[in-house]
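Structure first, then comments.
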Amino acid sequence: MPRAKLDFQIDTIKGDILKMTRAVEQQIRDAMKALEHLDSDLARKVIEKDDETNALYGEIKERCIQTIALQQPVAKDLRIISISMDVASNLERIGDYAVDIAKNVDYILRESPHLSEEFNKDVLKLIDGNGSENLMMEMGDVVASMVRDSGPAFIREDARKIEEIMKLEDQVDDLFRRIFRKLEDISRKDIEGVSFALNLILTARYLERAADHSVNITKRTLYAMRGKEEYI
Amino acid sequence: MPRAKLDFQIDTIKGDILKMTRAVEQQIRDAMKALEHLDSDLARKVIEKDDETNALYGEIKERCIQTIALQQPVAKDLRIISISMDVASNLERIGDYAVDIAKNVDYILRESPHLSEEFNKDVLKLIDGNGSENLMMEMGDVVASMVRDSGPAFIREDARKIEEIMKLEDQVDDLFRRIFRKLEDISRKDIEGVSFALNLILTARYLERAADHSVNITKRTLYAMRGKEEYI
Amino acid sequence: AGKDSADLVIAGSTTVQPIVTRAAEVYSKEHPDTSIGVEGGGSGTGIRMVGEGSVAVGASSRELSSEEKRAHPDLTVNTIAIDCIAIVVNPSNNLSNSSLSLAEVRDIFSGKITNYKELGGPDRRIVLVEREDGSGTRSMFESMVMNNTDVSDAALQKPASGAIRFTVSGNENAIGYLGIGYLDGSIKPIAVNGVLPSEESVRAKSYPLSRDLYLITKGKPSGLAGEFIDYLLSDAGQDIVKEEGFIRLE
Amino acid sequence: MKKLFDQERVVGAALMVFSITALVILLLIMLFILDGGLPLFNKVSVSDFLLGDKWVPAKGLFGASQFIVAALLVTFGAILLSVPLGISCAVFLAEIAPGWAKRIVRPAIELLAGIPSIIYGVFALIIIVSLVRVTFNVATGETILAASIVLAIMILPIIISISQDSIESVPRLYKEGSYALGATDWQTIHRVLVPAAGPGIVAGIILAMGRAIGETMAVVLVIGNVEKMPAGLLDPGETLTSAILLEMGEAVVKSTHYNALFCLGLVPFILVLFMSVLSSRLTTKNKARFA
Amino acid sequence: MDSKNKIEVKDLNLWYADKQALKDNNLHIKERKVTALIGPSGCGKSTFVRCINRMNDLIDGVRITGSILLDNKNIYDKDVDVVALRKRVGMVFQRPNPFPMSIFDNIAYGPRIHGIKDKDSLRKIVEESLVGAALWDEVSDRLGTNALDLSGGQQQRLCIARSLAVKPEVILFDEPCSALDPIATGKIEDLIHELRKKYTIVIVTHNMQQAARVSDFTGFFLLGKLLEFGKTRDIFENPKKKETEDYITGRFG
Amino acid sequence: MDSKNKIEVKDLNLWYADKQALKDNNLHIKERKVTALIGPSGCGKSTFVRCINRMNDLIDGVRITGSILLDNKNIYDKDVDVVALRKRVGMVFQRPNPFPMSIFDNIAYGPRIHGIKDKDSLRKIVEESLVGAALWDEVSDRLGTNALDLSGGQQQRLCIARSLAVKPEVILFDEPCSALDPIATGKIEDLIHELRKKYTIVIVTHNMQQAARVSDFTGFFLLGKLLEFGKTRDIFENPKKKETEDYITGRFG
Amino acid sequence: MLSKNADRLAKIWLWLSALVIILVLLSVLGYVFINGIGAISVSFLLDMPQNNWREGGIYPAIVGSLIVVFVALAFAAPVGVGTAMYLTEFRTEGLVTRIIRTSSDALNAVPSIVFGLFGLSLFVFYLGDYTGGPSLLSAGLTLGFMILPTIIRTSEVAMRNVPYAERMESFGMGASKLQTIRNIVLPGAVPGIATGLILSIGRAVGETAPIIFMVALNPTIPKSLFGSGNTLTTQLYYLSMEGISMKVAFGTALTLMLVILTLNAITRVFKKRLSRNLRRC
Ligand SMILES: Nc1ncnc2c1ncn2[C@@H]1O[C@H](COP(=O)(O)OP(=O)(O)OP(=O)(O)O)[C@@H](O)[C@H]1O
Ligand SMILES: Nc1ncnc2c1ncn2[C@@H]1O[C@H](COP(=O)(O)OP(=O)(O)OP(=O)(O)O)[C@@H](O)[C@H]1O
Ligand SMILES: [Mg+2]
Ligand SMILES: [Mg+2]
Ligand SMILES: O=P([O-])([O-])[O-]
């Protein structure tokens, strides 16, 4: 049982990353749900939950640095720990985007009474799960699943999961473009809805960035696995 | 001359952080200039320059980890190195926002021909240095100066600079609110200008976030100085 | 030995040694240009060394054995003094006041008599003290007293007459023999056949255990050796013999 | 450069000649002792020499068993007396003695080792012999016991210094280890230190035995020199070495007596050589353990 | 700061003849915690730990003032049984020093001198101690072999087992890994991590990383004086004194 | 990989009597770079470096096959002057071993045996060497004191200075810091960092962090065989062989 | 508590054992001193014996002892130190060193009387024509043989105590073997070698048995090496055996002992120096 303490620390770090992944995924999903139902309470919860995520990130980072400083890992051990810091940092940013999304819910709520019936219907179609073409929710789903898989992909060095995440990225980009177009159309219809659309486009942008960070995680995972950064 | 190598590494890291600070500040300023003059070439340059910034960040992070792993720093040494990583990561994010701003210039250019004369005048007033109330440029300036001071404040543990940066944050928040209001007004006037305004609000948001990260840097600096995180 | 260290070297009997040493001392004072070395070693050693020519003069307290005569036929024996063997005990031993016959002495030394009470003394074990094998004194004692009976193997052996005196003087049970020259107050002689050893009794031949002491040379003594022997035979020399406790020649 | 090489070879060769000297001397000693001694066995059988107990050179009787027995008895007695005292003193010096006591006892022992054996002899002849006679009320104090006592004094320094060395070469850490487990001084000494130093101590004892067997001057003065088989420690006796010393002067060169005396020398020679080899084996073993 | 004080050192001074090696030291050692002592060579760390089980009594000319309370009883009181004290406060040294006996006898040594003769009890103690020192698996099939045949790291664990066999309450480690290679060192550190569940541990070390890795509390000695004492994290992340910082960051002298 | 090969080892085998201690080793040592050799105890690191200045010649029963080229000349050729070779390839040992003489004489020893008698030249060499070994400032005012009075770290730097005094091209360090405390070790490492500007350096070390800190290239020995060799970063970040990885991550044995 | 008592008893016994040894030493020294001090004076040391040894001094014996010791050293010191150097510096452990060391050990163990027999038959009978038979030269050489192993052993230890690492360092700097020996080994070993030599002098001065067949009681000053002579020890033996004069005998004994004590004191000084030198280890 040599290096028991190092192994213990690495395992703890990995466990924390999984925990953080789940928390962040939940943040994304909750934020999207709050948007869907324009649920201000849920949105507040998402925002509040970010403190936890941030604390978890601080803990992971701290532990990584402590472990490097005290246990003197080298080679793969060092790689895994330093990449863990990157992974955690990416997760933290994803968490931030969830908060951004949640914050937007209030803005949207504030705008919504002033809008025309038709406009509202259009927009709600975009975000409501019952619409046939609820692009925003679809995007939220895809991104959440990318986030969900990124942590475990790193921990288990799961090549198949990595591939899946990377494939989803294209889908996310596509969705973003379509949402952008749609919002342009919609806001042209109702001049009052501009700021509403503005908020929604921000949300889409946040989702896209969250997806980006999930992809970052997989890239770093590849590095941990192969010992080399893969510049795809 | 004990610990010459550790000192050398710390000095190198600090130097790189200064370099990175300057680079990022320049990115912000160039992005704003590109916006002001709707200069697509300059915008492209800002985007391209981000690779450099990212590489510098990678280098700093790598050096920090290597130094922790090999030189076994403790106490203040370890604190400075680990905070250096945070500082660099914040700078990198500021750089990202500069890129986001630069990317928006193109979108704005694409929209601009379709807009009404009057609208354009209003908006340009917002972003043109010649207007009496060029809020956007003012905000860009404030944020750039925050960024400029954040790196040196960390390196030199300069308490006065830190205070200044923190004060500026309020100013930035205020500017953001005013720009948001203004853009609402403007876009209501011209339904075609919605997406244009959308892009500008994004820019303001990016600036606000960059300012946020500058403040983060000062918070971490306080930790390095006092050995404790200050939760202000 | 000593070809180079002294002009004349005399080696051999420890019995004779005191006479020769003293004589050499006096002689060298009279002739400051000569030096005479004297070494012990025992009679046998002296005879052997003179025979081999490593010393000019050998000292002996016994006559040459037939073996020695055969090995060194050209040795001349010069008598220089008379010694007699005294049977001695510790002064506190009341045997010193009585007389023993030769036969009794023999029985004591052969181990037949082992306790003083057999001689009318107290009940104490007799401790015999004799000289070592090869000693002139011992061979004289054995031939004159023991008559072919062996000395008891329980006898303590001492490598010199002085050692016999030392042992006997320190142990009231001890009985030993030594040359008359070694007699002093620390031990007492026993009368043999009623006669105590003394110059007179020896000269009168009434004391049975007397012997001659010799200096032996290769061929007739000559040179410094001759002069030294002559000096010993002179009156002055014979005075030294007497001073050292031995008996002058006639 | 080439010259330097040659110089080294020349010096090396010269030193090799030097270093062979010890071997040559040893071989010469064997040669001469055998040459002096072996002719005896043309006249006397080996078994008569080793087992006979009558030593009358004049009659051609050369039984030496009483000498051998006396020598062994003296040695045995000396070891019996000196070993407990010697080891105790070694333990004392190595473990118990405060600095000042060490500064007194250690030089005292070195002095004891330096005093010439003849002085021990003279001392023993006068003091120990009387002491034995009075204490044990025997006819004469010149006994094997007296010789044993003086030999015991003489070999004490050997036993003490070799034992002390080997106790002290037991790593200090053993000692501390034992104390740290709550052992008393005495438990530490007799459970750890002395067993660990065991081979070294035994080597010292064997070396001392050899020395005792070979010792001459001190013994000849006090043992009485009786050519009879001793019945015990309170009997006089005569050892091999004292017989040689007493009779060599008078023995006719190359005579049977002379040969027999060389044979008497051969016995302690062989015994002592054997013991010394045994002892140095043990010493190297002891050293190797703590290296 | 929640566990109780196992050892309380009060105004401890120590002289080697005229030379003062410890000066006015005060410190509390918590029960079932690992306390590390660091400091430059010659600052008195070894001297200090040797005070705790009175090993310094063995050195001539040592003079001590002040007191050390073990469970509130001064170990320097007249009526204290030093032998019993050392049974309660075990010690493991810099170089592993197994006795030149079998593994079994090494470990049975302590119980035996404390009067345990019974074969079965001894065997049980030996097994327990070896298990406790994480050595059982490696040597259980050759308890009869000479302890000197073990590797350095195994020897050190044997010494720890030997110390466990007398059932101490406190174990003092004086640079227990400085003679070991990094791998053996790692095993000892893992072991100390286990032992702190049952024992109060004091460890002297030159290796700052080691102190930081294994200990809950750390004390920094300089020139015979405990200059700073506190939670290990505090000492290593945020030392109060300039000297401590200089020393742990390696900028000393 | 841009600097030239100072030393090329080809098919090097070494036997101590019957025991093969080095097996078919091939490796290049770059000029003015630091090459570290690591590996578990007894794997042949010391034996290997001793081959480079033929110190193994001094051991009986050593047999060597293969060749070691120093500047393209096989040092095991018949016509090689061993003394001159050792002048070119200096060595610094595990424990500092100053001679029991003054500091000055220690350093002048080498030049003197190589025939330099002139006082001024000697003084100059001594100063240069001490400066080179970063010891001048600490001892310049007491060159006459006995070298044994220096601290361990100073002694080791003195030994390095002594080695510099004969103006070697290559310096072999065989575990030069294992007898030193962390601070002295730090100074020696800093020094090696300086020395590599002028000398080709080979260092044997047990301390992985040290190898990683000071060296440009690292070789991993196992059971007498050079198992892996490469740039230090590569070896420590991304070793090719499982054994190397196990060893450097401390998961060996 | 049982162990406590055992501890106390054992310590009492250990102290007693040391006390006994001190008492023995004191009684031997005191005895010789009390009996000998009366005889000793400057003239006792420098005068010739007189009146058949009963009076005068012991000058010839002192001269004889000096000569014998000188001869012994003149032979044994170069050979012994040379052998030691060969063993430590020119040979690695092997058959040859084992043979040499074993013979040296064996020689060390040979009983002194056997040396006497050997010296007698080699120098007196076999080489008598060259040595002058039982001469001071013969006696000195015999003693030389006897102290040779001591010198080999002590010199070897002294040279081995010079750390191996220092030699390696020297070789590592390109020094040749002879340079290393001259500059590193010998300077370090000198105190040890000197101690060994002085010890051997003490041994040679005090020995009786090896030379008893070659040195007789001879009251003359030896004139050459090839002549016979007297030494302190043999004189002491004869005087006490013959019982000529116990006073002179004890005077001789005390003289002998003072010589030994002095030599002892000198080695003590050297040993201090030695330990100072050994600080490097
Ligand atoms: N037995 C002793 N006699 C005299 N002085 C001593 C003794 N033992 C230690 N010292 C001195 O006391 C001081 C403290 O020594 P100590 O061994 O406790 O230091 P340390 O901190 O353990 O050093 P290291 O880290 O080198 O082991 C040192 O100056 C030392 O020289
Ligand atoms: N003089 C020698 N005679 C015989 N075998 C030897 C000798 N020197 C070393 N060896 C053996 O050769 C092998 C390699 O030894 P070497 O000293 O080179 O190892 P190392 O890697 O330096 O080990 P360490 O890290 O312990 O110093 C070991 O098995 C060792 O036992
Ligand atoms: Mg210490
Ligand atoms: Mg090695
Ligand atoms: O010495 P002796 O006269 O008896 O031969």
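Side chains included, hydrogens not; waters and symmetry mates left out as well; all remaining heavy atoms used. The chains referred to below are lettered A, B, ... by the order of the sequence lines, with proteins before strands, and numbering in each begins at 1.
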* Heavy atoms of other groups near E/K198 NZ, more than 12 under 6.0 Å -> no
* **Heavy-atom pair of closest approach, residues D/E176 and E/M55** => O-CE, 3.2 Å
* **Closest non-hydrogen atom pair, D/A183 against E/I113** => CB-CD1, 3.2 Å
* Please look at E/V82 and chain D and tell me whether the side chain, the backbone, both or neither of the residue comes under 4.5 angstrom of a heavy atom of that chain. => neither
* Shortest non-hydrogen separation from D/L173 to E/F93 and the atoms involved -> CD2-CB, 4.2 Å
* Which residues in residues 89-101 of chain D have a heavy atom less than 4.5 Å from any heavy atom of chain E? -> D/P98, D/G99
* **Toward chain D, the part of E/P98 with a non-hydrogen atom under 4.5 Å** => backbone
* To do: Return the set of residues passing side-chain hydrogen bond (donor to acceptor under 3.5 Å, both in side chains) with D/K102 (not counting sequence neighbours), or none when no residue passes.
  => none
* Check whether E/L58 gets within reach of chain D through its side chain, its backbone, both or neither, counting any heavy atom under 4.5 Å. => side chain
* Asked: Given the rule in the side-chain contact (heavy atoms from CB on, under 4.5 Å) test, do D/Y179 and E/D57 qualify, once you have shown the distances and angles that lead to the verdict?
  -> CA-CA 11 Å; D/Y179 285 130; E/D57 289 16; over 6 Å; no
* Has D/F76 got more than 12 heavy atoms of other residues, nucleotides or ligands less than 6.0 Å from its CZ? -> no
* Among E/R86, E/R54, E/R112, which has the most heavy-atom pairs under 4.5 Å with chain D? -> E/R86
* Asked: Taking all atoms of both residues into account, what is the closest heavy-atom pair of E/F99 and D/G177, and its distance?
  -> CZ-C, 4.0 Å
* To do: Check whether E/R50 gets within reach of chain D through its side chain, its backbone, both or neither, counting any heavy atom under 4.5 Å.
  => side chain
* To do: State, to 0.1 Å, how close D/L181 and E/R162 come at their nearest heavy-atom pair, and which atoms those are.
  => CD2-O, 3.3 Å
* Structure fact -> When rounded to the nearest 0.5 Å, the distance separating CZ of D/R172 from CZ of E/R95 is 14.0 Å
* Would one find more than 12 heavy atoms of other residues, nucleotides or ligands at under 6.0 Å from atom CG of E/D118? -> yes
